[in-house]
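Presented below is the structure to which this report refers.
By convention here, the first residue in the shown sequence is residue 1. In listed order, ligands and their atoms are each counted from 1.
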Amino acid sequence: MSVKFRRSLLFASGALLAVAAFAVPVVAGTAAADPGAAGSGNQARIVGGEKASLADHPYAVYLTDAGGNQFCGAVIVSSTSVATAAHCAKAVAKQDIRVVAGREDKRTGDGQVLGVSKVWVSQGYTDPTKGGDVAVLTVRGQFGYRPAKLPDSGDAGLYAKGTQATVLGWGRIADGGARSDYLRSAQVPVVSDSECRTDYDVYDQRTMVCAGYAEGGVDACQGDSGGPLVVGDTLIGIVSFGDGCAKANRPGVYTRVSTYADDIEAQAKPRLLG
Ligand code: 4AZ
């Protein structure tokens, strides 16, 4: 979700006081002419990335509405379920959500299109900027593609500052209209909690993790929400929000999957009826 942050500055007794910013969600603006340019602040695609292959990332999937319009990304976490952002799961009625797996190029009929039988949203979720931006969709049928791994207690180091992670998506291309037809990926380093707290007043290190370069230029963008941030095949983040895309000192904010791994696991488990 693209979120515009306003910061108010208060000068008191010669001291500079940063007042807690209030967040005003806005519809992402129109794209700049130079997608991928460092610090351009454009609203275009996965910024600064490249075409990616499902052979390397078979768990990367996207969500469409009943009309076939891609509105978010998601990630296979078991043979019968995907994880995505809560704000994605809530954007379209359950009966209208389709999960498209095994289709690198949206213009083809490759892979599978599965409906959704159940939607689980993290308890207490209200807004991406308040955390808990994670959901699990149970599909009708089974995926023929391997799931991403969920992080366990031994994976805490993956969240260390500087870890190179890969973000994947079919996000918007330009001019607030068309989205990328192809799966794209970009490499982004994990940002420290203290740095991300400086960048975003709403940052919560328990429920979120940031990734990107201080100078900007590489980022997830509109339409990439719900998609995976992986290290190898381990899912460490889910694209959640940001102030625009690829701006300096405005890294992408991701749901911290380790915090929700047990919940996701419980929801992902294929359950026997009766
Ligand atoms: C979005 O609207 C979105 N730069 C996703 C990620 C980011 C911004 C917006 C992070 O889906």
Side-chain angles (χ1 to χ4, degrees), residues 1-5 23-32 35-49 60-65 69-75 83-92 97 125 127-129 131 133-135 165-180 183-191 195-196 199-200 202-204 207-230 236-257:
M1 179 167 287
S2 191
V3 178
K4 189 77 186 169
F5 295 89
V24 183
V26 294
V27 172
T30 53
S40 64
N42 68 74
Q43 301 282 337
R45 72 177 90 173
I46 280 205
V47 181
V61 301
Y62 63 87
L63 306 180
T64 77
D65 62 17
N69 305 297
Q70 184 259 334
F71 66 93
C72 271
V75 51
T84 187
H87 80 265
C88 291
K90 291 193 151 212
V92 171
I97 301 175
Y125 166 81
D127 179 278
T129 63
D133 193 12
V134 57
T166 302
V167 59
L168 295 149
W170 285 261
R172 200 175 276 273
I173 293 174
D175 293 331
R179 289 169 186 228
S180 176
L183 174 62
R184 298 184 70 85
S185 72
Q187 310 301 314
V188 279
V190 171
V191 171
E195 189 177 334
C196 201
D199 298 336
Y200 293 104
V202 297
Y203 181 69
D204 169 27
T207 60
M208 307 171 190
V209 60
C210 290
Y213 293 95
E215 64 269 31
V218 186
D219 199 2
C221 201
Q222 198 183 18
D224 292 321
S225 274
L229 178 72
V230 292
I236 67 163
I238 293 171
V239 178
S240 181
F241 71 96
D243 178 359
C245 309
K247 293 184 193 176
N249 300 313
R250 293 293 182 272
V253 187
Y254 298 80
T255 303
R256 186 176 292 251
V257 171

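At a heavy-atom distance under 4.0 Å, no atom of V253 approaches ligand 1. The part of M1 lying near ligand 1 is the backbone, judged by heavy-atom distances below 4.0 Å. Contacts with ligand 1 closer than 4.0 Å are made by no heavy atom of S240, backbone or side chain.
In summary, the atoms of ligand 1 found under 4.0 Å from a heavy atom of V239, numbered by their order in the structure, are 5 (C), 6 (C). Residue contact check: D219 has heavy atoms under 4.0 Å from atoms 4 (N), 10 (C) of ligand 1. For ligand 1, the atoms closer than 4.0 angstrom to any heavy atom of S225 are 1 (C), 3 (C), 5 (C), 11 (O).
The residue from V218, D224, V239 that alone fulfils the side chain to side chain contact (heavy atoms under 4.5 Å, CB included) condition with I46 is D224. Each of S225, C210, P128 was checked for a side chain to side chain contact (heavy atoms under 4.5 Å, CB included) with S240, and the lone residue meeting it is P128.
Atom 5 (C) of ligand 1 has its nearest heavy-atom neighbour, among A220, C245, C221, G223, in C221.
In terms of polar-atom proximity, defined here as any N/O pair under 3.5 Å, H87 makes no such contact with ligand 1.
For the pair Y254 and V188, the minimum side-chain heavy-atom distance is below 4.5 Å.
A donor-acceptor contact shorter than 3.5 Å links the side chain of Q70 to the backbone of G223. Using a distance-only test at 3.5 Å, with no hydrogens or angles considered, a donor-acceptor pair links the side chain of Y200 to the main chain of P251.
When only modelled atom types and interatomic distance are considered, T166 and Q187 share a side-chain donor-acceptor pair under 3.5 Å.
The closest approach between G244 and ligand 1 falls below 4.0 Å for a heavy atom of the residue.
Considering OG1 of T84 and CD1 of I238, their distance stands at 7.0 Å, rounded to 0.5 Å.
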